[in-house]
Every structure is written in structure tokens, then in C-alpha cells.
Amino acid sequence: MTSVVFVHGTGVRAKSYEKSFARVVSGLGRVRAEVRVVRCFWGEEHGASLGLDGASVPVRTRNRGLGDDGPLDEDDPLAVWALLEVDPLAELREFAEAARARRGAGARPGFAPGRQDPWRAIADTVRGLSLEGVAGGGESLDELVRDLAPHLGPAGGRVAQEISRSLGGTPPVDGIEAIAARAVYALAVQRAEGPQGADEPLAVDGADRDTVVGALTDRLGGTDRGGFVARAAKGVAVRALNSYLSPLSSLAHTFRGGITKGSVPASGDILRYQVRGAGVRAAIRTAVDETVAAGDGPVVLLAHSLGGIACADLLAEPDPPAGVELLVTVGSQAPFLYELDALTALRRGEPLPAAFPRWINVYDEQDLLGFVGAKVFPGRVTDVRVDTRQPFPRAHTSYFAHQRLYDLLAPELPA
């Protein structure tokens, strides 16, 4: 029986690993039911933490006027979702500002005596949104619905409040349904991930996201199902995001302590591996060796992010684990580190050892932490591109919620 050893990447801890492991079990089970998926979890024992409770993080005393990194391209199809990752209500506020401008320069929202405000009914509908009946599209969609359902009510209430506040007293304008649905979804995701993203990030495939937003849009009486990126709303969102970049630099410094602590597992794991990687490599080697010894068939290493670096290092050593027939790296930086001459077991310019197994490298073009290997190791690496339809950084965490990944891997796994 083929064993697939799932080696996680940077920043992963127990809760997140178990969710990803369950996705891999479900995804591979759908296409290759006979494959056995085996745990290889090292993050809790060997992952990074701030041992002095953030004593190294400076306390900000004044604004240094940091500026931004340049404007966002209006042709980027993920511009709206990049905006909503930053501020779930930004697109709605831009919409309201445009609506007030159409009403007349300098006009203020207000209720005319004896007139029913047209936005009240919309706000009430938004407040009552639910995800009941949105299921059956696959296990990743069902899981997303379960994750978001407890947070949809508060998210809808917040969006309804913003609609009443910013649009009350203005004439009806078409297009609010899809914008409100996206805002409710983005707020629900933000709430599910906790304050300042303190909880584990949700792994969400773009197709599942669009299904949920499409259902919410339908329930609001709209028809938009994602085509908004090709229309004026895209330009509105891009302009809004560009205007947010500079203030957000200041905001990031204000909350630097919390942001730094929240990002330590991801960035710190990489630093610890590069400087003191023996412990991590030993943990992975032990897990792989035990799995190979206990199995009765070929072994596949399925490794994400930093896990891919560790596995490439491990298999390039003079005495690698026996029985590994295939390495699958997903969103990994191993080819990039080799090009930098920063891999532990293989110097730049050295070829992969003859005993190194077949290597499939999966990447998403939106994932800035995913690299390609075919040109780095000619004839030894096969690059496979997927499209989770998510902006970075969510693209880096969403591979295993992407159903297409398992369809691509199914014929590649040993029998």
C-alpha cells in the first residue's frame, strides 16, 4: 500500500495541521482511496516562539511617514479580494461615496419626512443572511460553510449598519447586492481568524469563496457572480486599496507588537530551520524513517512550504531514508534557496544525487512563497501549476483546499 507522508510547512501548529491533514485525507481519498496518509507533525515541538515575550519588538513613538510600495495594477483580477483582505468594508464605503456624489456635490445623507428609506429593506436583508442550504459542492466547501456560519450573523449586522450609516437618505443605486455579499464574506472570514489573525488562517479555494459569495448575492436579490472584476467596481476597489497603502504602513507600526507575535510561527520557523535546523531535520527524518519502516509499500512525501525545503535537504543527504519513491513539494522555497546557495545538504551547482526520487513541484502564480524547479534542476523536477484564485498571502495557505490539486496528483502516485 502506498503511504503519503504529509509534512507541513512554516507556521503550522496542532490545530491547523489537523485541519490540513483532514483535507489531504479527504482529497486523496476521493481520487485514490487505497492510499494511506500518515502524519509528520513537527511544529509544536520544534517551531519558533518568542522566548522573552516580544522584548525585542520596539515600541513606536512617532510616525515616520513610511509611504507605500507603489500602486496596485488595475488589471489584477484579484484586486478586490486583496482590498477586502485589508479592509472588508472599504469597497462598500467607496460605493457609498460614489452614490452620494451622484446625488449632488456636498449633499449629506438624510431622511425626507414621510418617505420610506430605500436602504432600510436592504440592510434588514443583509442582517438576516445565512448559509443554510449552501453545501453539497465538495468537502472543502462544506468545511468553509461550517467555519463561517457562526460568524455570518455578526458580519451581516456590521455590514447592515454601514449601509444604513453611509447610504441612508440617498436614492437607490444598482450593484449593492454583490458588494454587500463580499463585505459580509470578508468580515466573516476575518472574525473566524480572530483578532489580527490570531487564530490559524482559513485555507479557502477561490472557487468555494465565489460559491459562497454567489449564494449570498442571490439571497440579496443580485445576480453578480464574480464578474465584477471586469467592470467599474474593480477600478473603484483598486483606487481604494492604493489610497489605503500609505496609512496602513503607519497602522502596521502602531500594532507592530501584535502583528510580530502573530507572524512569529511563520517567519520564525524558517529562521530557526536555516540557523538551527538540525532539530527540525531530525524530527522529520524520524517521522519519515518510522513511516517507511512501518509501511508495506512505496512512500510519497507530500510537503508544504518549509516542509518541502526540509524534505529536499533530507533526500539530498548522503544517507537518505530508503523507500521514498516520490517527493511532492507544494508552495515550497527549495528551488529558490538552492539558487541562493542556501540549501543545507546541496550546494548551488551540485546536481541532485542519483538516488534522489522523482520530484513534482506544485505552485500557484499568486503565491509569492512558491517557486519553480524545472529550470533549477533540469530533467529532475516537474513543475505543476494550480490556480486557487486567491491573492497572496492566502494563496500560500489554500493549496490543500483546492480540489484540482488531488486530481493532478492522483495519476502520479505509485500504485
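Throughout, residue positions are numbered sequentially from 1 according to the sequence presented. What you see below is based on every heavy atom in this structure, not just the backbone, and it leaves out hydrogens, waters and symmetry mates.
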**OP:** Could you check Leu306 against Ile309 for side-chain contact (heavy atoms from CB on, under 4.5 Å), going step by step and ending with a plain yes or no?
**Re:** CA-CA 5 Å; Leu306 177 58; Ile309 298 173; 3.9 Å; yes
Subject >> More than 12 heavy atoms of other groups within 6.0 Å of Arg380 CZ >> reply: yes
Subject >> Under 3.5 Å donor-acceptor, Ser305 side chain and Gly307 backbone >> reply: no
**OP:** Taking all heavy atoms of Ala82 and all of Pro391, pick out the closest pair and write down the distance.
**Re:** N-CG, 4.1 Å
Original post:
Asp387: what forms a salt bridge (charged side-chain N to carboxylate O under 4.0 Å, His left out) with it, not counting sequence neighbours?
Top reply: none
**OP:** Identify the heavy atoms of Ala160 and Val126 that sit nearest to each other, and give their distance.
**Re:** N-CG1, 3.9 Å
Original post:
Is a side-chain N or O of Thr170 found less than 3.5 angstrom from the main chain of Leu167, in a donor-acceptor match?
Top reply: yes
Original post:
Is there side-chain contact between Phe356 and Phe377, with at least one heavy-atom pair below 4.5 Å?
Top reply: no
**OP:** With sequence neighbours excluded, tell me which residues meet side-chain hydrogen bond (donor to acceptor under 3.5 Å, both in side chains) with Thr329.
**Re:** Trp359, Asn361
**OP:** Please identify each residue that fulfils salt bridge (charged side-chain N to carboxylate O under 4.0 Å, His left out) with Glu34, with sequence neighbours left out.
**Re:** Arg32
Subject >> With Leu408 via side chain to side chain contact (heavy atoms under 4.5 Å, CB included) - residues at least two apart >> reply: Val384, Val386, Arg404
Original post:
Judged by atom type as modelled, is there a donor-acceptor pair below 3.5 Å linking the side chain of Arg358 to the main-chain atoms of Glu412?
Top reply: yes
Subject >> Thr344 side chain to Asp313 backbone, donor-acceptor under 3.5 Å >> reply: no
Subject >> Check: Val288 and Leu314 side chains under 4.5 Å, non-hydrogen atoms >> reply: yes
**OP:** Anything under 30° is parallel, anything over 60° is perpendicular, the rest tilted; go ahead and classify Trp119 against Phe95.
**Re:** perpendicular
**OP:** Look at Asp364 together with Arg389 and state whether they make a salt bridge at an N to O cut-off of under 4.0 Å.
**Re:** no
Original post:
What distance separates Leu343 CG from Phe336 CZ, expressed to the nearest 0.5 Å?
Top reply: 11.5 Å
**OP:** Give the C-alpha distance, both sets of side-chain angles, the deciding distance and a yes or no for side-chain contact (heavy atoms from CB on, under 4.5 Å) between Leu346 and Leu352.
**Re:** CA-CA 8 Å; Leu346 194 67; Leu352 289 174; 3.6 Å; yes
Subject >> Minimum heavy-atom distance Ala186-Pro88, with the two atoms named >> reply: CB-CB, 3.7 Å
**OP:** Using the test salt bridge (charged side-chain N to carboxylate O under 4.0 Å, His left out), find all partners of Arg347 that sit at least two apart in sequence or belong to another chain.
**Re:** Asp341
Original post:
Does any pair with a residue in residues 134-145 pass side-chain hydrogen bond (donor to acceptor under 3.5 Å, both in side chains), and if so which ones, sequence neighbours excluded?
Top reply: Arg23-Glu143, Ser26-Glu139, Ser140-Asp208, Ser140-Gln403
Original post:
Can a donor-acceptor pair be found between the side chains of Asp205 and Thr388 at a distance below 3.5 Å?
Top reply: no
Subject >> Any side-chain heavy-atom pair of Val330 and Phe400 under 4.5 Å >> reply: yes
Subject >> Separation between CG of Leu405 and CG of Leu302, rounded to the nearest 0.5 Å >> reply: 7.0 Å
**OP:** Let me know which of Arg209, His396, His402, Gln366 forms a side-chain hydrogen bond (donor to acceptor under 3.5 Å, both in side chains) with Gln390.
**Re:** Arg209
Subject >> Worked verdict on Val31 versus Asp407 for side-chain contact (heavy atoms from CB on, under 4.5 Å) >> reply: CA-CA 7 Å; Val31 295; Asp407 295 331; 3.4 Å; yes
**OP:** State whether the side chain of Tyr338 and the backbone N or O of Gln333 hold a donor-acceptor pair below 3.5 Å, judged by distance alone.
**Re:** no
Original post:
About how many Å separate CZ of Arg93 and CD1 of Ile179, when rounded to the nearest 0.5 Å?
Top reply: 13.0 Å
**OP:** Just do the side-chain contact (heavy atoms from CB on, under 4.5 Å) check on Leu327 and Ile360 with the steps written out, would you?
**Re:** CA-CA 6 Å; Leu327 170 65; Ile360 295 175; over 6 Å; no
Original post:
Would you call Arg158-Glu162 a salt bridge at under 4.0 Å N-O?
Top reply: yes
Original post:
Roughly how far, to the nearest 0.5 Å, is CG of Leu141 from CG of Asp210?
Top reply: 11.0 Å
Subject >> Which residues share a side chain to side chain contact (heavy atoms under 4.5 Å, CB included) with Ala183, sequence neighbours left out >> reply: Leu89, Val159
**OP:** List in chain and number order the residues that pass side chain to side chain contact (heavy atoms under 4.5 Å, CB included) with Glu365, two or more places apart in sequence or in another chain; answer none if no residue qualifies.
**Re:** Tyr363, Arg385
**OP:** Identify, with sequence neighbours excluded, every residue that meets ring-ring contact (aromatic ring centres under 6.0 Å, His included) alongside Tyr185.
**Re:** Trp81
Subject >> Heavy-atom pair with the smallest gap, counting every atom of Leu202 and Lys19 >> reply: CD2-NZ, 4.1 Å
Original post:
Going by the angle between their ring planes, with limits at 30° and 60°, are Phe21 and Phe6 parallel, tilted or perpendicular?
Top reply: tilted
Subject >> Among Leu28, Leu326, Val324, side-chain contact (heavy atoms from CB on, under 4.5 Å) partner for Val300 >> reply: Leu326
Original post:
For the atom pair CG (Leu84) and CD (Gln190), what is the distance rounded to the nearest 0.5 Å?
Top reply: 10.0 Å
Original post:
Looking at Arg182 and Glu91, does any basic side-chain N land under 4.0 Å from a carboxylate oxygen?
Top reply: yes
**OP:** Work out which heavy atom in Pro335 is nearest to a heavy atom in Ser332; give both atom names and the distance.
**Re:** CD-O, 4.1 Å
Original post:
salt bridge (charged side-chain N to carboxylate O under 4.0 Å, His left out) with Arg219: which residues, sequence neighbours excluded?
Top reply: none
Subject >> Set of residues satisfying side-chain hydrogen bond (donor to acceptor under 3.5 Å, both in side chains) with respect to Ser3, sequence neighbours excluded >> reply: Arg36
**OP:** For residues 124-169, pull every pair meeting ring pair (Phe, Tyr, Trp, His ring centres under 6.0 Å), keeping only residues two or more places apart or in separate chains.
**Re:** none
**OP:** Flag the pair Arg394 and Glu85 as a salt bridge only when some basic side-chain nitrogen lies within less than 4.0 angstrom of an acidic carboxylate oxygen.
**Re:** yes
Subject >> Minimum heavy-atom distance Val184-Ala155, with the two atoms named >> reply: O-CB, 3.6 Å
**OP:** First locate atom CD1 of Ile122, then atom CZ of Arg127, and finally report the distance between them rounded to the nearest 0.5 Å.
**Re:** 12.5 Å
Original post:
Has the side chain of Asp383 got a donor or acceptor atom that lies under 3.5 Å from a matching backbone atom of Ala374?
Top reply: yes
